[in-house]
Amino acid sequence: MRTSSLSEQWNIYLDTIRLHAHQLLVWAYSDVRSRLHVAPDEPSLTGMLCEGMKFRLDYHPDTPDEYIHYTIGDQVPESPGGQLGNHRLRLDLSIIRSAVRPRLAYVFEAKRLRTSGLPIGEYVGEGGMGDFIECRYANACPEAVMIGFFHNKNISYWHTELRRAFNEDSASSAPRLGIKSHPTPVEILPGLTGELESNHIRTDKSSMRLLHIFLDCSSA
């Protein structure tokens, strides 16, 4: 088992973990897509993806052997300010790399999106992107993923909404997103279309790359 500093571990494994985490997400989404529209809330949506990933790791005959190094974290507690018990924050979904010390957790944070009552402001604010930028989540990670579960409209609409939120923050007298670069298209997996990336300065002055994946959860 390899032991080194956390930054060294990320330098070694980030490219591989990123690719494998994306592949697990794509597999799980394909497996549970038909049921997502009946999920009553965000934890249920992420829970379905988590169970889909676990099935792929533990039981699916076509999963390559290299995925044996991963476990899935569902609502794993975080205590950036020393919180205890039920006061701890919860990571929506994490892909944990074993066989290294310290273990690495590639983190996904998810928000539901709908034009009535679930606006893009919740995605970019506290409980969403804000938790990464303000160092409440994954403050030792150089990169993380935001998932937007959209229940109506289409991916182009939510891309436009995200870019609007970035533009408004850039023009604000009190910006909160620490924007280094605005959302631009990126391709991690050929089968995953519409992914965006942005770069930020967190409140501790460190840099972070955020990837943005929008998943259709409508009943169609």
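Keep in mind that what you see is a predicted model, and the values were worked out from it rather than measured.
- A continuous path of ILVMFWY side-chain contacts below 4.5 Å connects I133 to I179, so both sit in one hydrophobic cluster.
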R97 vs Y106, test: side-chain contact (heavy atoms from CB on, under 4.5 Å). Steps then yes/no.
CA-CA 8 Å; R97 172 83 185 201; Y106 192 83; over 6 Å; no
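- Checked options E109, H22, E197, R18; the residue passing with V145 is H22 (criterion: side chain to side chain contact (heavy atoms under 4.5 Å, CB included)).
- Annotation: the span from T184 atom OG1 to R163 atom CZ amounts to 8.0 Å, rounded to 0.5 Å.
- With 3.5 Å as the limit, one finds a donor-acceptor pair spanning the side chains of H212 and Y123.
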Test side-chain contact (heavy atoms from CB on, under 4.5 Å) applied to T46 and F149, step by step
CA-CA 9 Å; T46 56; F149 292 117; 3.9 Å; yes
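- Note that the CD1 atom of I72 and the CD1 atom of I96 stand 7.5 Å from one another [nearest 0.5 Å].
- Between H151 and L45, some side-chain heavy-atom pair lies under the 4.5 Å cut-off.
- Taking every heavy atom of both residues into account, S94 and A105 meet most closely at CB-CB, 4.3 Å.
- In terms of hydrophobic clustering, with Ile, Leu, Val, Met, Phe, Trp and Tyr side chains grouped at heavy-atom distances under 4.5 Å, F55 and M53 are assigned to different clusters.
- Annotation: cation-pi geometry not satisfied between R112 and F150 (NZ/CZ under 6.0 angstrom from ring centroid, within 45° of ring axis).
- In this structure, the separation between CG on L93 and SG on C50 is 6.0 Å, given to the nearest 0.5 Å.
- Between the side chains of D41 and S44, at least one donor N or O lies within less than 3.5 Å of an accepting N or O.
- Residues M146 and K111 have side chains in contact (heavy-atom distance under 4.5 Å, counting atoms from C-beta outward).
- Around NZ of K54, the count of heavy atoms belonging to other residues, nucleotides or ligands within 6.0 Å exceeds 12.
- Under a hydrophobic clustering in which Ile, Leu, Val, Met, Phe, Trp and Tyr are joined whenever their side-chain heavy atoms come within less than 4.5 Å, directly or via other members, M129 and I201 fall into different clusters.
- Linking ILVMFWY side-chain heavy atoms closer than 4.5 Å, directly or via other members, places Y13 and L211 in a single hydrophobic cluster.
- Both W10 and L19 are assigned to one and the same hydrophobic cluster, defined by single-linkage of ILVMFWY side chains at heavy-atom distances under 4.5 Å.
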side-chain contact (heavy atoms from CB on, under 4.5 Å) between I155 and T193: does it pass, once the steps are laid out?
CA-CA 10 Å; I155 193 169; T193 59; 5.7 Å; no
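- The shortest distance between side-chain heavy atoms of V26 and Q23 falls below 4.5 Å.
- In this structure, R136 and E126 have side chains that are in contact, with non-hydrogen atoms separated by less than 4.5 Å.
- Between R202 and F132 the shortest heavy-atom distance is CD-O, 3.2 Å.
- With hydrogens and angles disregarded, no donor-acceptor distance shorter than 3.5 Å links the side chain of R209 to the backbone of N199.
- Under the 6.0 Å cut-off for aromatic ring centres, H200 and F166 qualify, their centroids lying closer than that.
- Taken to the nearest 0.5 Å, the CG atom of D58 stands 10.0 Å off from the OG1 atom of T71.
- K180 and S207 get closest at one heavy-atom pair: NZ-OG, 3.4 Å.
- Rounding to the nearest 0.5 angstrom, the gap separating the OH atom in Y137 from the CG atom in D131 is 5.0 Å.
- Counting heavy atoms from C-beta outward, I95 and L25 have side chains that stay 4.5 Å or more apart.
- In this structure, W27 and Y67 have tilted ring planes: the angle between them lies in the 30° to 60° band.
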Mind running side-chain contact (heavy atoms from CB on, under 4.5 Å) on R176 and D169 for me, showing each step along the way?
CA-CA 7 Å; R176 302 185 62 181; D169 190 76; 3.9 Å; yes
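- Of all the heavy atoms in L49 and L215, the pair that sits closest is CD1-CD1, 4.3 Å.
- Annotation: I68, atom CD1; neighbour count of heavy atoms from other residues, nucleotides and ligands within 6.0 Å does not exceed 12.
- Counting heavy atoms from C-beta on, the side chains of L6 and L104 come closer than 4.5 Å.
- Counting only heavy atoms from C-beta outward, the side chains of Y157 and T160 never approach each other to under 4.5 Å.
- The OG atom of S7 sits 12.0 Å away from the CG atom of L14 when rounded to the nearest 0.5 Å.
- With a 4.5 Å cut-off on side-chain heavy atoms, Q9 and P102 count as touching.
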